[in-house]
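Lettering follows sequence order; numbering is per chain, from 1. Values reported hereafter were calculated over all heavy atoms of this structure, with side chains retained and with hydrogens, waters and symmetry mates removed.
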Amino acid sequence: MSDVTATPASSESDPEAGAPVILSAKGLTKSYKVGGTRLEVLRGVDIEVHEGEILAILGTSGCGKSTLLHVLGWLDSPDKGHIQFEGKDRGSIPGKERARLRNDVMGFVFQFYHLLPEFDALENTMMPAMIKHGPGAWRTQRRASRDRAKALLALVGLTERMEHKPRQLSGGERQRVAIARALMNEPRFLFCDEPTGNLDGKTAEDVRNLLWGLNEKQNQTMVIVTHDARLASQAHRVVRLKDGHIDEAGGAALVQEIDLD
Amino acid sequence: MYRLFLALRYLRSRLVNLISVGGVMAGVAVLIVVVSIMDGFQERVRSTVRGSLSHIILTPTTSAADLPPFEQLDSLLRAQPHIEASSPQSNLPVFYEFETERVSAVGHDGMAWHQMEMIGVDWEKEAGVSELPNYILASYDAENPFWHPLVSQREKDTVLVSRTFAQNYLIGQYDRDGNLINRYGALKDENNVPLKGRELLEGCKRLIGTELRIWWGAVRRSDGGDRDIKTNSKNLIISGVYDALDAVDDNRRLYCSLPQLTRMGGFEHSYLQAKVRLDDYEHAKGVQKSLANLLEGRFFVETWEDKKRMFLQAVDSEKVLLIVVLSFIILLAGFVILATLTLTVVEKTRDIGIVAALGATKRGILSIFVWNGLLIGILGAILGLGLGYWFTENVDNVRAAIKSVTGRDVFPPNLYHFETIPTIWDWPSVISIMIGAVIVAFVAGLLPALRAARLDPVAALRHE
Ligand SMILES: Nc1ncnc2c1ncn2[C@@H]1O[C@H](COP(=O)(O)OP(=O)(O)OP(=O)(O)O)[C@@H](O)[C@H]1O
Ligand SMILES: [Mg+2]
């Protein structure tokens with residue numbers, strides 16, 4: 001087991017080290033059965049995220065980053081281990097309440113955007129709000145949600161694309177819609193899976209500025225999964241996922257390693 | 001909120017859903033139309049059958065000596081609760097003799113027999129128990145359609161014939177001036193088409209006063225009490241024409257006065273039946289019971305439905321059968337919904353994963369697809385209601401349109417004897433048909449919906 005209270009791994013000092021732990025996982029394992037063999041993706045992951053922190057998880061392709069993020073975001077269940085979110089244990093929370101937390105408290109930016117193809121950018125962005133409010137509440141919330149969705153799309157630079165369906169958007173534009181959607185319900189916790197993976201240097205920089213700005217202005221907590229060492233290097237803390245384990249200290253080293261390449 | 005929103009969008013974005021909606025619509029419309037027509041038909045049939053039958057029928061079981069005079073029975077009956085009127089009747093099987101080119105049972109001298117029933121009634125009392133007085137098309141004497149001036153002149157008896165019988169059997173009839181009326185049958189024109197309206201009434205007038213020949217067997221008892229049946233024949237004067245709108249029975253029924261029939265048949269009993277009318281047919285079963293007690297076995301007591309049970313059951317089971325068969329259209333539409341929604345769920349697996357990831361509960365996902373099915377059902381049912389209503393309202397126009405296109409009359413009046421197709425708009429049936437369709441759509445949507453709700457969100461997200 002690695003030491004969960006390790007010193008800040010980032011070259012920057014971690015301003016949130018003293019903040020309360022908002023998400024903690026212990027001994028997470030996850031394996032997939034493919035054909036006759038068992039593929040062990042996570043082999044005992046321990047991780048803690050503090051409030052207001054930007055944590056980057058760095059790893060090579062196929063090492064299980066997305067899997068870990070899904071488990072941390074309560075979307076997927078671990079084979080073994082415990083996850084606590086704001087002190088609540090995943091195992092002890094009924095499915096309905098889990099769904100509510102995912103909707104209201106956690107925001108997800110998926111690696112493959114996962115937008116609904118039948119709905120335009122604005123509707124996709126509003127979807128979490130629609131899911132949050134029942135038909136009664138929606139009447140009063142509709143206008144505010146619409147305005148917020150428009151503002152978020154403006155924030156990610158898509159004012160001109162609000163009525164476009166996903167198939168009419170470029171990969172980068174879809175990714176930005178996905179970010180806007182993740183922010184819709186003002187989540188306390190943001191999970192980002194390769195948020196700049198499909199963006200060119202300039203747009204990637206814009207997205208990074210957007211996310212970091214949220215952290216600065218609203219103290220937004222984020223876990224960012226990436227194989228982009230440059231992005232990772234700007235996080236408050238970087239850990240490395242390797243062989244199914246979290247290497248706390250290895251993160252910074254890796255950043256430098258990759259930087260040198 | 002998203003449930004209905006997603007359901008509507010999926011509904012709209014898939015053209016096959018229109019097929020499901022169309023299927024439900026067709027099923028609902030067809031069922032509504034058929035139930036309306038069958039209800040109308042049943043009602044019409046019931047009223048025509050009852051028209052000549054009255055609510056309750058008493059048949060004496062005693063000898064003529066013990067049979068109470070009808071006036072006595074009448075006052076006894078009318079003292080009972082729910083009984084409004086009663087009337088006597090006797091029946092006599094007769095043969096009507098007519099000319100034909102074909103060889104018949106009677107021989108090969110150009111004559112044939114048509115078996116009929118001669119019914120003797122008391123005209124004054126008949127109005128109290130049956131619809132017959134309302135069915136008189138024409139008569140010599142409006143007060144008494146059994147009377148004709150020739151009766152006294154030539155010591156003849158009279159008969160009331162039906163329009164149907166006249167058209168089908170009074171072939172080669174000569175009017176009173178000796179002119180052939182029509183070689184195709186009375187009350188028809190030169191093209192063998194039944195007369196209508198004014199022309200029909202004119203035809204009736206021409207027919208009244210002409211004669212027809214019948215044969216019958218009259219019972220005679222010798223002094224020793226042995227029974228003997230003697231064959232009689234006689235020409236009767238047509239004193240009137242009725243139309244009870246009953247294709248089958250009208251062809252076989254002749255009416256005359258009760259005393260005439262008693263005389264012709266040589267009956268010892270002055271009446272062979274007592275017909276009873278109630279204030280409301282609802283009470284028939286109760287009155288039947290109390291009359292059976294009251295009359296202590298001297299009369300056999302039946303309701304008109306007892307008499308026509310087989311026939312009414314046949315009409316009813318025909319209706320039920322038709323409804324069952326046609327319900328399969330809705331069931332079929334249900335299977336189309338099931339199939340298309342199952343495909344939609346497979347196709348939308350990734351979307352299901354996405355909304356689950358965004359915090360939709362299993363119930364929420366379930367209701368997206370249940371709503372999808374329900375919307376198809378509700379839309380189909382409402383459209384079906386509109387179509388069915390339009391069709392029911394315009395059924396005779398539709399029938400005319402079909403006739404002009406195909407040249408066939410789907411509802412030939414000479415078969416059913418209704419000029420227009422009878423319909424009854426019964427909201428409870430209509431609403432239960434619609435609810436049935438919505439339930440089918442709901443169940444059809446439920447299975448794919450359960451499947452969608454059971455999907456693992458992460459696996460669904462990875463679905464290509
Ligand atoms: N449902 C599954 N069934 C079988 N194997 C799976 C399944 N999901 C993931 N895997 C395997 O688990 C491993 C980790 O997958 P994961 O998507 O977490 O990788 P990743 O680190 O996010 O990769 P990338 O950087 O390419 O996105 C991969 O080798 C993948 O093949
Ligand atoms: Mg990944």
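- Identified by a heavy-atom distance below 4.5 Å to chain A, the contributing residues of residues 329-353 of chain B are B:K348, B:R350, B:D351, in residue-number order.
- Put simply, the side chain of A:R102 gets close to the backbone of B:A356: a donor and an acceptor are under 3.5 Å apart.
- Proximity to chain B involves both the backbone and the side chain of A:F119, based on heavy atoms less than 4.5 angstrom apart.
- Going from atom CG of A:L116 over to atom OH of B:Y10 covers 5.5 Å, rounded to the nearest 0.5 Å.
- Closest approach of A:I131 to B:V355, counting heavy atoms only: CD1-O, 3.9 Å.
- Of residues 62-74 of chain A, those residues lying under 4.5 Å from chain B by any heavy-atom pair are A:T67, A:H70.
- Within residues 11-36 of chain B, the residues having any heavy atom under 4.5 Å from a heavy atom of chain A are, by residue number, B:S13, B:R14.
- For A:R181, the part sitting under 4.5 Å from any heavy atom of chain B is the side chain, from C-beta outward, and nothing else.
- Residue A:E160 places its CD atom among 12 or fewer non-hydrogen atoms of other residues, nucleotides or ligands, all under 6.0 Å distant.
- Heavy atoms from other residues, nucleotides or ligands lying under 6.0 Å from NZ of B:K319 number more than 12.
- At a heavy-atom separation below 4.5 angstrom, chain A is approached by B:A357, B:L358, B:G359, B:A360, B:T361 within residues 357-370 of chain B.
- The CZ atom of B:F5 lies 4.0 Å from the CD atom of A:E123; values are rounded to the nearest 0.5 Å.
- At a 4.5 Å heavy-atom cutoff, the contact between A:L115 and chain B is made by backbone atoms alone.
- Open room surrounds CZ on A:R142; 12 or fewer heavy atoms of other groups in view lie less than 6.0 Å from it.
- Residue with the most contacts toward chain B among A:M127, A:M106, A:R139: A:M127 (heavy-atom pairs, distance under 4.5 Å).
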